[in-house]
Structure formats: structure tokens, C-alpha cells
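Everything on this sheet refers to the single structure shown next.
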Amino acid sequence: MASGFADIEQHLDATSGARLADYVEFLRIPSVSTLPERAADCRRAAGFLADRLRQAGLEHVEVSETEGHPVVYADWLHADGAPTVLVYGHYDVQPAEPLELWEKPPFDPRVENGRVYARGAADDKSNVHVHVQAAAAWLRIRGALPLNLKYVFEGEEESGSEHLDRWLADNRERLAADLAVVSDTGFFEGNLPAITVGLRGIMYAQLDVSGPTVDLHSGGYGGAVRNPATVLAEIIAGLHDADGRVAVPGFYDDVRPLSQRDRDELARLPFDEADYLASIGVDTLWGETGYTTLERRGARPTLEVNGIWGGFQGEGAKTIIPAHAHAKISCRLVPDQDPERVFGLVRDRIAALAPAGVRVETRYIHGGRPSLTPIDHPATRAAAACLREVFGTEPVYIREGGSVPVTASFESTLGLPVVLLGFTPPDDHAHAPNESMRLDNYEAGIRTIVRYWDALASTRLR
Ligand code: BES
Ligand code: ZN
């Protein structure tokens, strides 16, 4: 087949070794955004990216300050008359703990079986590196890009993008564009190329239950006072009903019902429940009655306990009534739920479940709104065509249960249509031990983005 990209692809084929080495170097930086002691590493990852963007030939490269970790900005604006695309990804990663479950240390990347293993290998350093490499290849081989690009790589996605909305508002003018390409998603089960058309929002909270001023002897006081750990368990148990629905009054009020078309589209996806069960090592699935697994994990709202602690956790036994007990709780939200409103409802429900004899406090940690993007936008169709050309398979359209809070902000704050396009495999173990990225997806991802810029250059976006 005569490809219009033979020159760029030849260059990519010839440089894969150096590229992998650079990707691995990026993965060595432990840019865990939620841990204060990693702030300098986050800054180092930002500096690394800025450096690579500059080397690629991008302009106005800047490590731009926020009240948290910096945003890396760069652009290339010389394609007069062509569209302008804003590209988003994040250079921060989730904490790597528990370290003992990693076969090799999380920030000492290992290349094996066609994959690279490291924290952030997939989420989201793969997609970020893909973008930098695609631009570098265009500029190196053709000396110019076919359209205008603006890059926004943030460093706080994994901790709630707390300062990004402010940064977007402060930089609204320089971010003017025709489209946002958000690259923080991946492929469907079986590694089918996918375009994500829905992401859930999130409301993250902490629940603190406190009782006596200090731990008490459980013999001396047991039977006389409320136990905060027991109360915590009772409250948590009161947050779901027997049908797996979230037992918080008002929780479903703003939930847009699934249309028959939404349900038909999800039902058409090739999803094998037995494979899915085996891949996660459980014997039965669970969730809200009346919805399929794909509906429950992508298109319905949920409430999950993310962590729970309190009292004695060491070896052996210690007989106390703990002075306090805690839980991290988050809800995944769907259109048209609002994180702050949902927080109020959850807080009120928890307060109603709290008995006398303890103090219960619910605190908001962060939130992000859900998003749904149109399947039939010309930019979405162009992305599908490029995926088909490079991967040889028609992509599927999926609704993901995860959250990328900035997506809704691009739509509402900047008024941009959004395409969610990323290349991570479904078995990447993102957020878990032994996270990995398939190198064939990474390489083909670069080739997809190379073509996508060309396709968008001649697509009418407005
Ligand atoms: N890349 C993920 C989002 C994602 C997850 C997309 C699964 C597609 C499938 C992103 O980096 C992420 O994990 N986001 C957090 C956001 C939160 C901390 C605000 C999430 O979803 O937990
Ligand atoms: Zn991510």
C-alpha cells in the first residue's frame, strides 16, 4: 500500500531504540502527585517534558506555575488557516504502594514480553510520550506540522486536578482552539482499539468517626461505650441497599436515564464475562440490580470505599477500643450529577446514620464532573479512521468508568468539543502493582497520532 506517511514511518522505524530509552527515562521519575514528599519529582517530570518538547521543535515551551504542581505548556502555530488542537495528558502518577507486590521496583522500569513495566508506564506517561514523539517526527521529517497544536500536560490529574480549572481560566486566551484531544484513556477488553465517548465524574470524601479522647482498654471499657470502628462499619453498610443501589436519599435525582440506544450500543460490545471474571480473580460480579456489567461500570453512578483504617493493625493482639476510625469514600458520577451536590447528600446520609456517643465528620477531598462526547463529531470520525488504518480493526465506542476531570472543563470553561483518544491496553494494571504498557500499542499510537494531525488538518471542525 502506498502510504502518504512512508517517510515519517521509516524514520519512526529507525529510531525505536532511542525512543524506548527516552520513555524509560521518563518512567524513572517518581512523579506521584498526591505525596508532598514527591513534589520535587513532579517538577522534575515537568522539566523533562519541557525539555523534550523543546527538542522536538515546539515553541513557547513553559513550565507554568500553579498553586500545586506545574502545568507544561507548548505550542506550534504556523499552519495558517488550519485548525488548532489542544492536546491534554498528565505526567503525574498514582502512588506505587504496596511496593512488595511489584516484581521489580516501580520506578526501575523493566522491558519484558513486549511491555514496559513501571508505575505510570500506561497511565498516563505512555500517551504523553506518544504525543511528544509524534510531533517530533513530523517536525524532524517534514519541517512543519499540518495543523496548529497546543499542549497542556498537567501534574495533578491523579490527585483531582485541583488547580487546573483556575489555570485554564487564567490562560483562556492562549488556549483558544477548535478541538481538545484528551489522551488519558485506552482500548477495550481484548485490546480492541477504542474511542471513549463517556467518562464518569467523581466525588471523593473522607469519613472520620471519633469516640473517646484516647484508645481505651477494651476489657475495662468494653460494654460501656460506642466503638468508633463498629460505628464506621455500620455507617458504611448503610450506604447501599440489598439491590446494590446507593442508599443515599436524592443520589439518583439528577441521573440521566440510559436511553435504549445507549443500552444497545453497550450491549453490542464484545464482552466476555467469564474472561473478565478470570482477569480480576473473583467468582461473581456484583452491582446495581437491573443493569448489565458494562452499564454498571461505565454508565451508572456508584459509591465505593477506597480505604478503611483505625485501631490496632500490627502483628498479634492488642485489646483496645480505638479512639477513632476512618474511611476514604468516593462516588463515580454520571450526567447530570454534580460532585458538590452529591457530597452534600452523602454527608447528610452519614450524619443521619451516626448514633449518639461518637462524632462523625465527612470532608470533601475533591470532585470532577462527568462528560459525554458525541460519537458523530467529524473529529471523532477522523480518529476512528486513523485507528482503523493503523491497527487494522474498526474501533469500538466505549463509556469508561474512570474520570478525567478536565474533560468537562474543556467542554464548559473553554467551550471545546473533546475527543478522548489513548492507547493503553485494558490489562495495563493502572493504579495497581506491576502496571505495564504494551510497546506495540505505544508505537502504533505514535503512528495513529501522526496520521490524525494530517486528517484533522483538512477536517472542518467548526
Ligand atoms: N486515566 C485515568 C482515567 C481512566 C480510567 C480512563 C479508566 C479510562 C479508564 C485517570 O488518570 C485516572 O485514574 N483518574 C482518576 C481521577 C481522580 C483521581 C480524580 C480516577 O479515575 O480515579
Ligand atoms: Zn490517567
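Side-chain atoms are counted along with the backbone in the values below, which use heavy atoms only and exclude waters and symmetry mates. We count ligands from 1, going down the list as the structure has it; atoms in each ligand are counted the same way.
The aromatic rings of Y73 and W167 lie tilted to each other, with the angle between the two planes from 30° to 60°.
With no hydrogens or angles considered, a side-chain donor-acceptor pair links E273 and T293 at under 3.5 Å. In this model, a donor atom of one side chain and an acceptor atom of the other lie less than 3.5 Å apart for R332 and S403. Between the side chains of S16 and E443, no donor-acceptor pair is found at a separation under 3.5 Å. Side-chain atoms of D123 and H431 form a donor-acceptor pair, as typed in the model, at a separation below 3.5 Å. For D75 and H60, the side-chain atoms include at least one donor-acceptor pair closer than 3.5 Å. N127 and S183 form no side-chain donor-acceptor contact under 3.5 Å, judged by distance and modelled atom types alone.
With respect to atom 6 (C) of ligand 1, the closest heavy atom belonging to the protein is D184 O, 3.4 Å. For atom 3 (C) of ligand 1, the closest non-hydrogen atom on the protein side is S403 O, 3.5 Å. Given atom 8 (C) of ligand 1, the protein heavy atom at minimum distance is E400 CG, 3.7 Å. Closest to atom 2 (C) of ligand 1, if we only count protein heavy atoms, is D123 OD2, 3.5 Å. The protein atom (non-hydrogen) at minimum distance from atom 18 (C) of ligand 1 is E158 O, 3.5 Å. Distance from atom 7 (C) of ligand 1 to its nearest protein heavy atom, with residue and atom name: G402 CA, 4.0 Å.
Counting heavy atoms from C-beta on, the side chains of R52 and H129 never come closer than 4.5 Å.
Taking every heavy atom of H90 and a limit of under 4.0 angstrom, the matching atoms of ligand 1 come to 11 (O).
Proximity of the aromatic rings of F48 and F26 is defined here by a centroid distance below 6.0 angstrom, and this criterion is met.
Protein atoms of type N/O/S that fall under 2.8 Å from the Zn ion (ligand 2) number 4 in this view.
Geometric assessment of R110 against the ring of Y117 yields a positive cation-pi assignment under the 6.0 Å and 45° thresholds.
With atom 22 (O) of ligand 1 as the reference point, the heavy atom nearest to it among H366, Q94, R332 is part of R332.
The backbone and the side chain of E157 each have at least one atom closer than 4.0 Å to an atom of ligand 1 (non-hydrogen atoms only).
Screening residues 412-431 for salt bridge (charged side-chain N to carboxylate O under 4.0 Å, His left out), with sequence neighbours left out, gives R115-D427.
Polar contact with ligand 1: absent for S159 (N/O pair, distance under 3.5 Å).
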